[in-house]
Structure formats: structure tokens, C-alpha cells
Amino acid sequence: MTRAQEPVSDSKLHSGDRADAESRQENPWIEGLKTIGLSAVLALGIRHFVAEARYIPSGSMLPTLQINDRLIVDKLVYRFKEPQRGDIIVFSPTEALQRQNFKDAFIKRVIGLPGETIEVKGGRVYVNDRPLRESYIEDRPNYQYGPVTVPDDSYLVLGDNRNNSYDSHYWGFVPQDRIIGRAAVRFWPPNRLGGLDPQPLYPVTPSVTP
């Protein structure tokens with residue numbers, strides 16, 4: 001074996017080299033701070049681009065979501081597909097809501113898709129003149145609304161607690177670029193851990209096909 005190929009052991013380090021090697025060892029506190037910093041950066045990246053936790057501050061989505069429920073919001077799903085009727089979405093305030101000084105995100109259910117005509121009458125929601133069967137609402141809506149046509153790249157959203165929800169029938173549509181993500185999983189409280197809509201929302205019937 002040539003000298004260049006010989007492995008170098010600690011016993012062959014000169015005293016100066018040994019001191020340099022020791023000086024290059026990180027202080028454990030600095031290593032710990034670096035680890036914490038990297039973890040924080042990764043956590044912020046995941047929160048910004050992939051998923052984040054949200055809690056429910058009001059009863060506008062009863063009975064599906066209770067006050068103080070904790071949810072995971074999937075922020076990637078709509079990069080691969082369009083929002084669907086029945087999705088529960090989290091979105092930033094629209095321009096109409098910003099003019100009313102709303103700053104916090106909203107959570108509602110997608111009801112009207114781009115190009116559809118929506119009307120609320122007689123305690124039912126109609127999509128393109130066909131009644132929508134809804135198993136998830138708290139009460140039948142006691143108001144009249146529409147008919148309105150949903151603009152391109154926008155969605156009409158309503159709360160499941162129809163008569164106690166500040167939603168599209170008050171302030172209009174949600175542009176797609178305001179959507180933060182889809183509420184995917186409830187992780188708190190533990191006794192209701194899991195998906196938000198365990199049963200199919202719109203069974204195949206002669207009424208509206210989602």
C-alpha cells in the first residue's frame with residue numbers, strides 16, 4: 001500500500017492537526033439551535049405549500065363541523081384537479097369580504113361550479129333547475145336566492161348551517177385563486193377523528209349529478 005492510500009488514524013495526527021480537528025467540532029448548543037432552525041424551516045415550508053392545521057371558530061358548518069374542531073387542510077389537491085361539488089374548502093376573503101374588513105380565512109362547502117345556474121327556493125338548492133339532494137345540512141334554507149350563474153374560475157359556496165352562515169348568498173362567489181385548500185381530515189376531538197363526509201354526498205339519482 002502506498003503512503004497516499006494509507007488510512008489515517010488518530011494516532012498519526014500531529015498535535016496541531018488534532019487541535020484543529022477539535023476546534024472544528026460544533027458546540028452542542030449550536031448544533032441544537034441549527035437542528036431547531038432547520039425543523040422550523042421545514043415546518044413552515046410544509047405549512048405554506050403542503051398542509052396546515054385550522055380550527056373552527058363558529059357554527060356556520062354545523063352539523064358537519066363543530067366549534068373548535070381541528071382540521072388538516074390539503075393545499076396540494078387543487079394543483080392536480082378542480083374543486084368538486086361537496087368539497088369543504090378554506091379560502092382567503094374575497095374582494096367583497098375585504099371591503100367589509102374581513103381578514104381571516106373562511107370555510108364553506110362548494111355548491112355551484114363554474115358556468116352552473118344556482119337558485120335557492122322552497123327550502124331547496126337547485127343546480128341548473130334540478131334539485132340538489134343534501135344529507136349534510138342543519139336545516140333547510142329559509143331564504144330565496146337567485147337564480148345566478150357562477151362565473152368562470154369561480155365557485156358558489158354555502159355553509160351547512162344554511163340559516164346561520166355568512167356565505168355566497170350574501171357576498172357572491174369565490175375566485176379559484178382565493179382557495180387555500182380542501183379540508184381533508186379532522187384530527188380533534190379524538191372521538192371524531194377522520195374524514196369529514198363519511199358517506200357519499202350525492203348518490204346516483206335522477207336529481208343533480210355532481
Side-chain angles (χ1 to χ4, degrees), residues 47-66 69-94 96-97 104-120 124-128 130-138 141 145-146 148-162 164-188 192-205 207-210:
R47 184 179 186 276
H48 186 75
F49 294 108
V50 180
E52 67 179 67
R54 294 271 180 170
Y55 81 97
I56 304 303
S58 74
S60 72
M61 285 296 291
L62 290 169
T64 308
L65 300 176
Q66 307 288 322
D69 277 1
R70 264 62 173 177
L71 312 174
I72 295 296
V73 178
D74 181 348
K75 305 177 78 170
L76 286 178
V77 61
Y78 296 136
R79 296 190 182 190
F80 304 102
K81 68 174 187 176
E82 301 296 317
Q84 302 297 306
R85 190 183 345 275
D87 288 358
I88 297 174
I89 63 170
V90 175
F91 55 95
S92 300
T94 65
L97 290 168
D104 294 332
F106 279 60
I107 183 166
K108 305 294 177 188
R109 191 183 294 274
V110 173
I111 298 298
L113 306 179
E116 292 182 334
T117 298
I118 309 297
E119 186 173 10
V120 181
R124 300 287 298 273
V125 174
Y126 288 78
V127 179
N128 295 334
R130 301 175 68 181
L132 182 66
R133 290 184 59 186
E134 299 183 285
S135 60
Y136 42 77
I137 59 174
E138 178 82 347
Y145 173 71
V148 296
T149 299
V150 184
D152 292 342
D153 299 319
S154 295
Y155 297 86
L156 184 142
V157 298
L158 298 175
D160 289 358
N161 191 359
R162 289 289 155 81
N164 293 280
S165 175
Y166 194 53
D167 51 34
S168 283
H169 86 279
Y170 282 106
W171 42 257
F173 309 102
V174 179
Q176 187 161 359
D177 61 9
R178 299 280 177 160
I179 297 176
I180 296 171
R182 179 175 64 89
V185 175
R186 175 174 27 229
F187 66 89
W188 190 267
R192 290 191 291 118
L193 175 72
L196 305 184
D197 290 310
Q199 299 178 351
L201 294 183
Y202 309 115
V204 178
T205 69
S207 80
V208 173
T209 301

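Using cut-offs of 30° and 60° for the angle between ring planes, the Y136 and Y202 rings count as perpendicular. Note: W171 and F106 have perpendicular aromatic rings, judged against thresholds of 30 and 60 degrees for the angle between ring planes.
Contact between R109 and G86 at its shortest, heavy atoms only, is NH1-O, 2.8 Å. Nearest heavy-atom pair, K108 versus S60, reported as atom, atom and distance to 0.1 Å: NZ-OG, 3.0 Å. Of all non-hydrogen atoms in L156 and V148, the two that sit nearest each other are CD1-CG2, 4.0 Å. Residues T64 and R192 approach most closely at O-NH1, 4.4 Å, considering heavy atoms. In this structure, S154 and P175 approach most closely via the heavy-atom pair OG-CA, 3.7 Å. The two residues Y170 and S165 have their closest heavy-atom pair at CE1-O, 3.4 Å.
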Query raised in the report: Where do W188 and D69 land on the side-chain contact (heavy atoms from CB on, under 4.5 Å) test, with the steps shown first?
Result: CA-CA 6 Å; W188 190 267; D69 277 1; over 6 Å; no
Requested in this report: For the pair D74 and I72, evaluate side-chain contact (heavy atoms from CB on, under 4.5 Å) and give the outcome as yes or no after the intermediate values.
Outcome: CA-CA 6 Å; D74 181 348; I72 295 296; 6.0 Å; no
Requested in this report: Could you walk me through whether T117 and V127 pass side-chain contact (heavy atoms from CB on, under 4.5 Å), step by step?
Outcome: CA-CA 6 Å; T117 298; V127 179; over 6 Å; no
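The backbone N or O of G59 sits less than 3.5 Å from a side-chain atom of N161, completing a donor-acceptor pair. Put simply, the side chain of Q176 never gets that close to the backbone of V174: no donor and acceptor are under 3.5 Å apart. Listed for the D167 side chain is a donor-acceptor partner under 3.5 Å among the backbone atoms of G159. With hydrogens and angles ignored, the 3.5 Å screen pairs no side-chain donor or acceptor of R162 with any backbone N or O of I137. Side chain of D160 to backbone of L62: no donor-acceptor contact under 3.5 angstrom is found. Distance alone, capped at 3.5 Å, places no donor-acceptor pair between the R186 side chain and the L71 backbone.
Side-chain contact check for I56 versus Q66: every heavy-atom pair is 4.5 Å or farther apart. The closest side-chain heavy-atom distance from E138 to N164 is not below 4.5 Å.
Of the N and O atoms on the side chains of Y155 and D87, not one donor lies less than 3.5 Å from an acceptor on the other residue.
Within the model, atoms CE of M61 and CG of L158 stand 9.5 Å from one another, a figure rounded to the nearest 0.5 Å. The CG atom of L113 sits 9.5 Å away from the CD atom of E82 when rounded to the nearest 0.5 Å. Between atom CZ of residue F173 and atom CG of residue D153 there is a gap of 13.0 Å, rounded to the nearest 0.5 Å.
The side chain to side chain contact (heavy atoms under 4.5 Å, CB included) test with V90 is passed by exactly one of K75, R54, R178: R54.
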